[in-house]
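Remarks on the structure that follows.
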Amino acid sequence: MVGDALAAAAAARYPGGAVAVTFEAPRRPEFGDFATNLAFALAQTARRAPQLVAGELIEAAREASPELARVLASIEPSGGFINLRLAPAIWQNAVAHILREGTAYGSAPSNGRRISLEFGSANPTGPLVVVQGRTLSLGGTLAAVMRARGYDVFVEWIINDTGSQLDTLGRSLYARYRQIENPDFPFPDDGYPGDYLLPIARSLYARDGSRWCDAPESEWLEIFARYARDELVAQQQRTVERFRVAYDLWQSERELHEAGKIREGIARLEERGLTYERDGATYFRSTAFGDDKDRVVRRSDGRPTYFALDVAYHYEKLKRADRVIDILGPDHHGYIGRLHGLAAALGFPGHLDVLISGQVGLMRGGEQVSMSKRAGHIVTLDEILDEVGVDAARFLFIVPTFESPLVFDMALAVEKSNDNPVYYVQYGHARIASVLRNAAAEASSDPSLAALIEPSELALARRLAEFPAVLEGIAEHRAPHRLARYARDVAADFHAFYTTCRILDAEPTRREARLALARATQIVLARALQLAGVSAPDAM
RNA sequence: GCGCCCGUAGCUCAGCUGGAUAGAGCGCUGCCCUCCGAAGGCAGAGGCCAGGGGUUCGAAUCCCUUCGGGCGCGCCA
C-alpha cells in the first residue's frame with residue numbers, strides 16, 4: 001500500500017524513470033522499520049540530489065493518499081533514503097495474528113513444487129560419524145522448513161551397497177568372525193578397522209557357528225558382505241531416527257542395479273549422443289557441460305562405474321521432482337561440476353542444486369580430536385549424542401553457514417550458559433512457560449493489544465512478524481543456519497522485553513497485552529525449535 | 001597444474017539477490033534482582049572486512065588479480 005503510493009508519486013513526478021519500489025529493513029533501528037532506496041534510482045534520470053527527490057516523493061504520496069497516516073507512524077527522507085515507521089497498531093495486529101494462527105503461524109499452503117532432497121548417505125561400511133551429524137542437521141532442518149513453506153519434499157538416502165567396498169566389508173567381517181576362535185587370524189590390510197564389527201561377527205557366529213571356517217571365500221563372501229551391510233544400515237537407521245530425522249526412502253543401489261536402472265541411465269546418455277567408446281570403455285562426454293574431463297560410465301570389462309550410479313539415480317530423481325537437491329560432505333567439491341553437467345546432459349539443466357557442507361572438526365577436553373577413519377579413530381555420532389544430547393547437536397550443527405568449516409566443541413555443547421546458543425533459546429522458552437504458569441488465569445481469547453507501545457515490546461512484535469519471511473528465505477536460499485540465528489534473536493528480544501517490562505504486576509490492560517505478547521513469542525520459539533529438531537522445554 | 005570452498009573485532013562467526021555510522025556471542029571494563037526464572041539485561045572498549053585494481057551515485061557483498069588456509073581431481077566407492 002505504501003509502495004503503491006510511492007510508486008504512483010514517482011510515476012507522476014518522474015515519468016521517465018519507472019523503477020520498482022523495494023523495501024528493506026534498515027540495519028539500524030533508529031532508521032525505522034522499512035526503507036526504500038527509490039530516490040537513488042530516480043535521482044539519475046531526474047538529475048537531482050536523491051535527498052530532494054525523496055522529500056518530493058513523500059510530499060506527493062502524502063497528498064495523494066491521506067490514508068497513509070493510519071498505518072505509518074512516520075515517513076521521512078534521510079540521506080536519500082525514504083525511511084518509514086509503521087504505526088504500533090500494525091505490530092499489535094501482527095501479534096493478534098500469531099495468536100490466531102497458533103502452531104500454523106509461519107507455514108504456507110502447498111505450492112505444488114516437488115523437491116527431492118538427498119543427504120546423509122554414508123557408506124554402509126561403518127557407523128555414522130560426526131560429519132554426517134552435520135549433514136543430517138542441515139538436511140533435516142531444510143526439509144522441515146521447506147515443508148512448512150508448502151514444498152512437497154521427498155527425503156532420501158542412497159545406500160552404496162555394491163562394488164568392491166562391500167567385498168572389503170565382507171572380508172573384514174570374516175576376519176572378525178574367525179578371530180573369535182583364532183585371535184591370530186589376520187585382518188585384511190585394506191579392511192575396516194575399529195571394533196564395531198565385533199558384535200556383528202559375534203551375532204553371525206551365534207547364528208551359524210563355525211560352519212564358514214573351512215569354506216572357500218567364494219562361498220562366504222556374499223553372505224558376510226550382506227550380513228554386515230544389513231546390520232550397519234539398520235544401525236545407521238536407528239541413529240538417524242534418534243537424531244530426529246525421517247526419511248521417505250532408503251534407496252539401495254543394489255536394487256537400482258537389479259531393476260535395470262543403471263542401464264537405463266546410461267542408455268539415456270547414449271540416445272542423446274553424449275557417450276563414446278575408447279579402449280573398450282564407455283565415456284560420458286561431460287566436458288561438453290563444463291566438467292574438466294570426460295567420465296567413464298562403463299568399464300572395459302562391462303561393469304558400470306560408481307559414476308554410472310550417479311547417472312542412474314539422478315535420472316530417477318530428476319524425472320520425479322521439479323528440483324533435486326544433493327547435500328554432500330566436504331570431500332565432494334570435485335563433484336559439483338560433473339553433477340551439474342549430468343543434470344544438463346539428462347535433459348534437466350538447472351534442476352539440480354549441489355550443496356557441500358563444510359568440514360567438521362571435533363574439540364574434546366580443549367583439544368582437537370583426530371578422526372582418521374583409516375587408523376580406526378572414529379568418533380561416532382552416537383557417542384556425541386550420548387555425551388551432549390540430541391538437542392545440542394541438532395542446533396549447534398546448523399549454526400554456521402553451510403560451507404564454512406565447523407569445530408564442534410563438546411564442552412560448549414553441554415555448557416549451560418550464554419556461550420551455548422541452544423540453552424539460551426531453550427531458556428527463553430522455559431522462562432515464558434514459567435511466566436504463563438504464574439499467570440494462572442486462562443488466556444483471554446481476544447486480548448486487547450493496544451497497550452503494546454514500549455520500544456522493547458514493538459521490537460519483539462516486529463521480530464515475531466518476520467518469522468514467515470525468515471522461513472521463506474531459508475527455503476529459497478537453502479540456508480538453514482538462519483533458523484538458528486533467528487531463534488536466538490527472538491530469545492534475545494524477549495529477554496530484553498522481559499527485563500524492561502513487568503508482565504504480571506502491570507496494570508490489567510498492560511498485563512493482558514504483555515501476556516499475549518509472551519504467548520505469541522512462545523509459539524514462534526517453539527515452532528522454530530521444532531523445525532530445527534530441538535525440544536522446547538517448559539522447564540529446565 | 002586445474003577446479004571448488006574459506007579469509008570480517010583478541011576468539012568463534014553473521015552480514016539475505018550492492019545501500020546509511022560493518023553486527024552478534026564469548027573474552028575484557030563497569031553497572032542492574034526487598035520484584036514474574038540473573039541459564040537474564042544495560043553500557044563501554046575493540047575492525048584498513050587478507051592485499052591491490054576495476055564496475056557505480058554507493059562495494060564486506062559483483063568482476064579481475066596477488067597472497068594465505070582447506071578440500072577435490074582413478075576404468076576406487
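Owing to the predicted nature of the structure, the values given are computational and were not obtained by experimental measurement. Chain letters run A, B, ... following the sequence lines, proteins first and then strands; every chain starts at 1.
- An OP1 or OP2 oxygen of B:rC36 is reached within less than 4.0 angstrom by no side-chain nitrogen or oxygen of A:Arg511.
- Of all nucleotides listed (B:rC42, B:rA14, B:rC57), B:rC42 comes nearest to the side chain of A:Ala496.
- No engagement by A:Ala479 is indicated, since no non-hydrogen atom pair under 4.0 Å with the nucleic acid exists.
- Along RNA chain B, the nucleotide nearest A:Ile82 and the nucleotide nearest A:Ser164 are compared for position; the residue whose nucleotide lies closer to the 5' end is A:Ile82.
- Considering only side-chain N and O atoms, A:Ser404 lies under 4.0 angstrom from the phosphate OP1 or OP2 of B:rA14.
- Distances shown here put a side-chain N or O of A:Tyr424 below 4.0 Å from the OP1 or OP2 atom of B:rG41.
- Between the base of B:rA77 and the side chain of A:Tyr335 there is a donor-acceptor pair shorter than 3.5 Å.
- For B:rG7 and B:rU61, the P atoms lie 12 Å apart once the distance is rounded to whole Å.
- Remark: the separation of the C1' atoms in B:rA77 and B:rC62 is 39 Å, to the nearest Å.
- Contacts of A:Ser78 with the nucleic acid, taken as non-hydrogen atoms under 4.0 Å apart, include base atoms.
- Contact annotation: A:Lys293 reaches the phosphate of B:rG74 (side-chain N/O to OP1 or OP2, under 4.0 Å).
- Side-chain nitrogen and oxygen atoms of A:Asn37 include none within less than 4.0 Å of the OP1 or OP2 phosphate oxygen of B:rG58.
- Residue contacts for A:Asp301: at a heavy-atom cut-off of 4.0 Å it reaches no nucleic acid atom on any strand shown.
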- [ ] Please step through salt bridge (Lys or Arg N to Asp or Glu O under 4.0 Å) for the pair A:Asp505 and A:Arg511, ending with a clear verdict.
- [x] CA-CA 7 Å; A:Asp505 27 316; A:Arg511 176 185 149 107; over 6 Å; no

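- For A:Tyr427, whose side chain is taken as the heavy atoms from C-beta onward, the closest listed nucleotide among B:rA38, B:rC36, B:rC75 is B:rA38.
- Across B:rC64 and B:rC4, the matching P atoms stand 10 Å from one another, rounded to whole Å.
- For the residue pair A:Gln165 and A:Tyr306, no side-chain donor N or O sits within less than 3.5 Å of a side-chain acceptor on the partner.
- For the pair A:Arg510/A:Glu454, a side-chain contact is recorded, criterion being any heavy-atom separation below 4.5 Å from C-beta on.
- Between B:rA14 and A:Thr401, a contact under 4.0 Å exists linking OP1 or OP2 to a side-chain N or O.
- Taking 4.0 angstrom as the limit, A:His481 places a side-chain polar atom (N or O) nearer than this to OP1 or OP2 of B:rG15.
- Counting non-hydrogen atoms under 4.0 angstrom, A:Arg478 reaches nothing in the nucleic acid.
- With both ends at atom C1', the span from B:rG15 to B:rC33 equals 35 Å, rounded to whole Å.
- Residue contacts for A:Asp167: at a heavy-atom cut-off of 4.0 Å it reaches no nucleic acid atom on any strand shown.
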TODO: Evaluate side-chain contact (heavy atoms from CB on, under 4.5 Å) for A:Arg478 paired with A:Leu142, printing each intermediate quantity in order.
DONE: CA-CA 7 Å; A:Arg478 289 85 161 103; A:Leu142 184 58; 4.0 Å; yes

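- The separation of B:rA45 from B:rU29, taken at their C1' atoms, amounts to 8 Å, rounded to a whole angstrom.
- Listed nucleotides B:rA20, B:rC16, B:rC36 differ in distance to A:Asp505; the shortest reach to its side chain belongs to B:rC36.
- Of all nucleotides listed (B:rG3, B:rG37, B:rA14), B:rG37 comes nearest to the side chain of A:Val435.
- Scanning all heavy atoms of the two residues, the minimum distance from A:Pro124 to A:Val233 falls at CB-CG2, 3.8 Å.
- Side-chain N/O atoms of A:Asp326 and A:Tyr335 include no donor and acceptor closer than 3.5 Å.
- Nearest approach of A:Ala536 to A:His429, heavy atoms of both residues: O-CE1, 3.3 Å.
- You'll find that the side chain of A:Arg502 is closest to B:rC36, out of B:rA77, B:rC36, B:rC73.
- Note on A:Thr282: nothing from the nucleic acid sits closer than 4.0 angstrom, heavy atoms only.
- Whole-Å rounding puts the A:Tyr498 OH to B:rA39 P distance at 11 Å.
- Side-chain proximity of A:Ser300 to B:rC36, B:rA20, B:rC75: nearest is B:rC75.
- Nearest to the side-chain atoms of A:His495 among the listed nucleotides B:rG23, B:rG40, B:rC73 stands B:rG40.
- Here the separation of B:rC57 from B:rC67, taken at their C1' atoms, is 32 Å to the nearest Å.
- Annotation: B:rU55 and B:rG46 have their C1' atoms spaced 33 Å apart (nearest Å).
- Within 4.0 Å of A:Ile336, counting heavy atoms only, lie sugar-phosphate atoms of the nucleic acid but no base atom.
- Counting any heavy atom pair closer than 4.0 Å across all strands shown, A:Ser434 reaches a base atom.
- Taking atom P in both B:rC49 and B:rC11, one finds a spacing of 16 Å when rounded to whole Å.
- If you check every strand for non-hydrogen atoms under 4.0 Å, A:Asp279 touches a base.
- Summary of the strand contacts: A:Ala491 and A:Gly280 both lie near RNA chain B, and taking for each the nucleotide with the nearest heavy atom, the more 5' one is attributed to A:Ala491.
- Residue A:Ala43 is classed as having no contact, given no heavy-atom separation below 4.0 Å to the nucleic acid.
- Under a cut-off of 6.0 angstrom, the local environment of CD in A:Glu222 is sparse, with at most 12 non-hydrogen atoms contributed by other residues, nucleotides or ligands.
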